[in-house]
Chemist: 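First the structure, then my questions, so here it is.
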Amino acid sequence: MKQISLRLQLIIGLLFITFYCIAQTTSRETTLIDKDWRFNFGHPFDTEKDFGHGEAYFSYLAKTGNGDGPAAAFFDDRAWRLLDLPHDWAVEQSFSEEGSFSHGFKEAGKGFSEKSIGWYRKKIAIPQEDLGRIITLKFDGVFRNSKVFFNGYFLGTEESGYDSFEYDVTEYVNYGGENTISVRVDASMEEGWFYEGVGIYRHVWLQKTNPLHVAQNGTYITTEVHDGYAMVTALATIINKGNYKGDIEVTQTVLNPEREKVTSVTGKGRAPGFYKNTDFTLILKVTNPKLWDLETPNLYCLVTEVKQNGRIIDRYETMFGIRSFRFDPETGFYLNGKSVKLKGTNNHQDHAGVGTAIPDELQYWRIKQLKDMGSNAYRCSHHPPTPELLEACDRLGMLVIDETRLMGINEYHLGSLKRMIERDRNHPSIICWSVGNEEWNIEGNVIGERITQTMQEYSHSLDSTRPVTVGISSGFRSGISSVVEVMGYNYLGNGDIDAHRNDFKQQPGMGTEEGSTFATRGVYFTDDDKHYKAAYDKKPRPTFYSIEEGWRFYAERPYLSGMFIWTGFDYRGEPTPYGWPSVTSYFGMMDVCGFPKHNVYYLKSWWGNEPVLHIFPHWNWKGKEGEEIPVWIYSNCDEVELFLNNKSFGRKKIEQNGHLEWQVPYKAGELKAIGYKNGKRLLTQIQKTTGEAKNVKLTPHKKTLTDSNDLAIVIIEVTDKNGLHVATADNDITFSIKGGGKIIGVGNGNPTSLEKDKFLDVISLINIEGLQEQGLSSEELPNLLVSYPDSNWKEAFKDRNYKNQSPSYVYKGNFELIGGLDKDKITFFYKKIGTQAVVFVNGNKVTASAEDPLKFVLTASVLKKGTNTIHIVATPVYKKHDWDVVNTNPGVIQVITPAEDWHRKLFNGYAQLIVQADGSGDEIILTAKSENLKSTEIVIKQ
Ligand code: GAL
């Protein structure tokens, strides 16, 4: 009995192991590898500052595997900064007038050679069981011109700062051991004329699959909606990177938005040849589909399973939506057969505090702010976005124009367009591919016409379901605009839209850019000296139009599908109409933090579905008593009556798509608006004169975080003794954080603020200079430093005879410390210059740390300001072959100067802080304080 049970146990054990191994080697695994990257700045042309990269006699382009400097697997990066992706190093830098206007004057990238090259390194373990799988590194986007190495092997260069790309590393893997990813990012060239960030600013993934698997972006789903059912055409491209030659089965299963199985179909065929692809196209019928639309963005999931010998060897999920749409040249855009006016915004991809390194939750939050404004469409100006942005648009019901970076017909251009379309074509939110924007050299001529036609046809060959547009700013009625499928008008002032339309009656059209207005949040009187623009919606320049003028034009013309405002959010760079020291744009409906300017309420009134009554400005105008203050009302009520301290200023009717204005002589008190609909009082809004700031108030957008990457966007404001928001406050608020989270950025929306976006420890690496040596007669290493004859010192390693070395050597070098010994953390990262070694700093023996025998934490007691001396006594390394290279660099001193406390001034009443969970605790406690104000503390749960 006992024996049987033992045998049974053994069988179960074996079965488990076999099963485990099969599961390990067959199913697809995709893991986010954003955590724990080492980072340091390199140099574009000084190879010494680029850690010797590219110096090797046989370079990595000469012999495979010859990545040198940080590209080599064995490079010592222990002293480098440790960080998590996404990472934008530009946002971490100071501002400088020497910086780039278009990139918001940050001291990084073009023109800043010390801050234009970034090296990222990460170690990953890949188990022995993965041998036989295909291992792929996937990058969502790196700005820019990145070179990737894996264990010293050069994988490739990706020029684009916006395209997603991947590398197959299968053959280079050290199975059962450690592997090193090195990425050299070169941002010494800009692509756009707007802030682009620099670094690995999007996610990186590690993917493991069976050799026979669904190819990269290998599904393409199109839907045809009929009465009561939809036909779903699902194409799966299978690639074979192995030797299997038999039959395979591909099963496509549709899951409904509740993730229940709806229908399934299987196709059979031969496995593709070695490194070849085969397409399987299967058609599925979904009855009573829940359509994807703006109010209920239902998402279905297609599960693609690949079977070999009856066993599932790959499982791949694609989210998709069932919906129909079309652009009509007479009557505009239709979604699921219903006419929908496109109420869009253009946006770049940066946010206050974090630059372009936008975590997923913040991505979602930004799209949600636009949606809450009544917007239903988003133009990715002027490049492909991160995939998470499109996911947010799918989930929230936001239509998208997806745009490629540069017009052209060669690999650089069409290759990029292909990658964008193949990556993005399953997103139900995307309604149009944009193949260009304001290409001034070709817009109005035959070259533009030809290039557009080629790009358009090429787009159709990759996706037959969406039309193509180009944003055009000059030369309506000629060139690109005469051939593009959906005309993209950039600005009313740039040409006669109606005249173009009369010439091209079969061509649908939309305003791909409109507005370009200037406004500073919370400012009501323009002050050009301070670079502040009043936030009333005025015509910005003679040939540009206000938001209201623009919207009226588009709203009145059914043939126009809608318009995209320039822009939804302010962004870094393009601080038109000013320059330094303004560092962000003024165009946004919201500022860089997402705090609304008043135009948001104009749009809510005429784009949204909720009743709106919004009165501005604030009513704190001490010193302006008796002066007339322009009071504006945005509302979709029929009429509004305005009162100051209960005295009526009259009741006025609001025109469709209009607003109301009064001039009100200032007197402290209460400004009140009452909105009437169908003659009945519907809404009341009040602006009250407030008292002085008394309390700090923190409001997170959510109080419970769901995972270790989740975050809370915290509004910081101050209130008076009655709890009223003080709109004019500019207090400097200091923050501290405890528990399982960290602050990742601060901002306040002030276009001229040169305050820090991030408060980070500063890491300086100090080399040991003037290394000298003396050969010693004993191989015993000393416990105390003795004095060595001065006359015996000579340059270390110079003319060393490796065949006849001394039993041990003492080395002496210096390093300089500029002070800060009381607060700085100073560590010596020793690199082996001998087999055994002891280290003395200023004569004191120092001990290695427990976790790393080559790391010495140096306390203030052994250090001094100025020149410090380090002695290393070590037994020598012997060369096996004459050509062996022996390390002669003793290591580096790392000085970490802790960051000052995070702080930020309020700008016209508000600032914003982003707090991210790190998974290390159940709660995060955030405290905010400011001189003369009552401080506050909030708890965010995880
Ligand atoms: C447009 C351009 C945008 C932005 C804007 C600023 O011409 O397409 O990217 O530069 O002007 O006004």
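Just so you know, ligand 1 is whichever comes first in the structure, and atom 1 is the first atom listed for that ligand. Throughout, numbering of the chain's residues begins at 1 and tracks the sequence. The analysis underlying the following values was restricted to heavy atoms, covering all of them including side chains, and did not include hydrogens, waters or symmetry mates.
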Chemist: Report the C-alpha distance between Asp424 and Arg466 in whole Å, list the side-chain angles of each, state the deciding distance to 0.1 Å, and finish with yes or no for salt bridge (charged side-chain N to carboxylate O under 4.0 Å, His left out).
Modeler: CA-CA 12 Å; Asp424 295 347; Arg466 294 172 179 92; over 6 Å; no
Chemist: With heavy-atom distances below 4.0 Å as the criterion, list the atoms of ligand 1 near His382.
Modeler: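 Numbered from 1, ligand 1 contributes 3 (C), 8 (O), 9 (O).
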Chemist: Tell me which protein heavy atom sits closest to atom 2 (C) of ligand 1, plus the residue, atom name and distance to 0.1 Å.
Modeler: Glu513 OE1, 3.3 Å
Chemist: Check the pair Phe616 / His659 against ring-ring contact (aromatic ring centres under 6.0 Å, His included), numbers first and verdict last.
Modeler: CA-CA 12 Å; Phe616 62 102; His659 74 276; 8.4 Å; no
Chemist: Going by the order shown, which atoms of ligand 1 are within less than 4.0 Å of some heavy atom of Trp193?
Modeler: 3 (C), 4 (C), 9 (O), 10 (O)
Chemist: Please say whether Tyr571 places an N or O atom under 3.5 Å from an N or O atom belonging to ligand 1.
Modeler: no
Chemist: What atoms of ligand 1 come within less than 4.0 Å of a heavy atom belonging to Ser516?
Modeler: 12 (O)
Chemist: Do Lys539 and Tyr545 form a cation-pi contact, if we require the NZ or CZ to be under 6.0 Å from the six-membered ring centre and within 45 degrees of the ring's axis?
Modeler: yes
Chemist: Answer yes or no: is there an ion pair linking Arg552 with Glu556, defined by an N-O contact shorter than 4.0 Å?
Modeler: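 No, Arg552 and Glu556 are not salt-bridged.
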Chemist: Among Tyr586, Phe194, Trp566, Phe587, whose heavy atom sits nearest atom 3 (C) of ligand 1?
Modeler: Trp566
Chemist: Can you tell whether the side chains of Arg557 and Asp498 come within less than 4.0 Å, N to carboxylate O?
Modeler: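 Yes, Arg557 and Asp498 are salt-bridged.
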Chemist: With a 4.0 Å cut-off on N to O distance, would you call Arg144 and Glu191 a salt bridge?
Modeler: yes
Chemist: Starting from atom 10 (O) of ligand 1, find the nearest protein heavy-atom neighbour and note its residue, name and distance.
Modeler: Glu574 OE2, 2.6 Å
Chemist: Quick one: which ligand 1 atoms are inside 4.0 Å of a heavy atom on Glu438?
Modeler: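 In order of numbering, the contacting atoms are 1 (C), 2 (C), 7 (O), 8 (O).
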Chemist: Please say whether the positively charged group of Lys341, taken as NZ for Lys or CZ for Arg, lies over the ring of Phe333, i.e. under 6.0 angstrom from the six-membered ring centre and within 45 degrees of the axis.
Modeler: no
Chemist: State the atoms of ligand 1, each with its element, that fall below the 4.0 Å cut-off from a heavy-atom position in Asn437.
Modeler: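 Going through ligand 1 atom by atom, the ones under 4.0 Å from Asn437 are 8 (O).
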